[in-house]
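The structure appears right after this line, and notes come after that.
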Amino acid sequence: MASSSSSTGSKSGQAAGPVRCAVCGGESRQPPFRPNPPEQPPDLDLRPGEPLRSTMARWLQQCPHCAYAAPDIARAHPAAAEAVAAGPFRALVAETSYPPLARRFLAWAHVLEETGALHAAAEATLHAAWVADDLNRPDLAAEWRRDAVALWRGGPNLDAEQTVRVIDALRRAQAWEDAAVTAEALTATQPSSHVAQVLALESRLVAAKDSGRHTLASALPPTFPRPHVAQQRVGRPAPQAGQGGGLRGWLRKLFRRG
Ligand SMILES: [Zn+2]
């Protein structure tokens, strides 16, 4: 009767024993993942810098029995099992024209979308695009960035920081007109200074039809990655770019579990 250990995936229970899938109940070994924080600045879409950047194969667990994928497969939304059993999910995880790691992120994105977490689904879809970037598949990367934008726009209203990421996804997918119009609309709202700096860079890149990867450091050169102590003045809050709430908050959102 008394269960001495429950595999809820919480705390230390995950490291040693098998993980029990919250969707099908099947057990599997999942290596623990304790990421080191990035030392390099993130891309404009907040893809983290190294060393975290190269660890995408470890970001999600995937059940070898039912293919449910999640940061922690011992946990699942009550509606996840139905989504995993349904035709679209089965077709997705069997889609051999997609790289396996990208399929894993898309599988998680599909469950998130089916359970109503559209912004988290957008995030996971963007992660699939990053996998496509690494595998030099610009066709898939552009397709999944457009999908991510649709999911972001299908969810609740986006704040200014997330809207910049939508603009970046549109730019990387070469959706120039949509990127330009979205950037103009955000500029008109007079966003905060660090958003405005990134937005200014995005607008320049869109005008130049530059769909390449750029880092936040190129948008925020004076204060990233470390605040300039010399620029601090008595009576003003210390500059926080690189260390502070905004960027760190964005990174937290990256790994927020659905
Ligand atoms: Zn399973």
Side-chain angles (χ1 to χ4, degrees), residues 1-35 47-48 52-135 137 140-141 143-144 147-148 150-152 154-155 252-258:
M1 298 286 169
S3 61
S4 57
S5 68
S6 65
S7 48
T8 56
S10 61
K11 299 186 177 114
S12 59
Q14 208 171 347
V19 175
R20 183 178 162 83
C21 173
V23 166
C24 74
E27 294 195 334
S28 61
R29 300 227 167 240
Q30 302 286 341
F33 178 47
R34 298 186 190 85
R47 179 170 181 184
L52 185 56
R53 185 184 191 87
S54 299
T55 60
M56 291 191 72
R58 310 281 300 280
W59 290 4
L60 296 181
Q61 301 176 348
Q62 189 159 30
C63 174
H65 309 289
C66 71
Y68 172 55
D72 177 1
I73 59 172
R75 302 191 314 164
H77 186 281
E82 189 179 338
V84 166
F89 183 94
R90 304 322 307 172
L92 174 61
V93 298
E95 179 52 68
T96 53
S97 67
Y98 294 166
L101 182 56
R103 257 185 277 164
R104 193 187 303 169
F105 284 105
L106 294 173
W108 174 225
H110 180 81
V111 169
L112 289 166
E113 182 180 0
E114 289 296 301
T115 55
L118 296 187
H119 288 178
E123 205 70 49
T125 304
L126 180 64
H127 294 180
W130 296 347
V131 173
D133 288 339
D134 289 349
L135 296 174
R137 291 292 306 271
L140 295 177
E143 178 184 338
W144 293 333
D147 290 346
L151 287 162
W152 267 314
R252 258 203 308 275
K253 283 180 197 168
L254 265 186
F255 293 97
R256 187 171 53 199
R257 295 177 176 194

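Start at 1 with the first residue, then count along the sequence. Counting starts at 1 for both ligands and their atoms, following the listed order.
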Between Met56 and Arg47, is a side-chain contact (heavy atoms from CB on, under 4.5 Å) present by the stated rule, with each step listed? CA-CA 10 Å; Met56 291 191 72; Arg47 179 170 181 184; 3.8 Å; yes

Any chance you could measure Tyr68, atom OH, to His110, atom NE2, to the nearest 0.5 Å? 12.5 Å

Enumerate the protein N/O/S atoms at a distance below 2.8 Å from the Zn ion (ligand 1), ignoring waters. Cys21 SG, Cys24 SG, Cys63 SG, Cys66 SG

Under a 4.5 Å cut-off applied to non-hydrogen side-chain atoms, are Val93 and Arg104 in contact? no

Measuring only between side-chain heavy atoms, which start at C-beta, is Trp152 closer than 4.5 Å to His119? yes

Roughly how far, to the nearest 0.5 Å, is the CZ atom of Phe33 from the OG1 atom of Thr55? 3.5 Å

How about CD on Glu82, more than 12 heavy atoms from neighbouring residues, nucleotides or ligands closer than 6.0 Å, or not? no

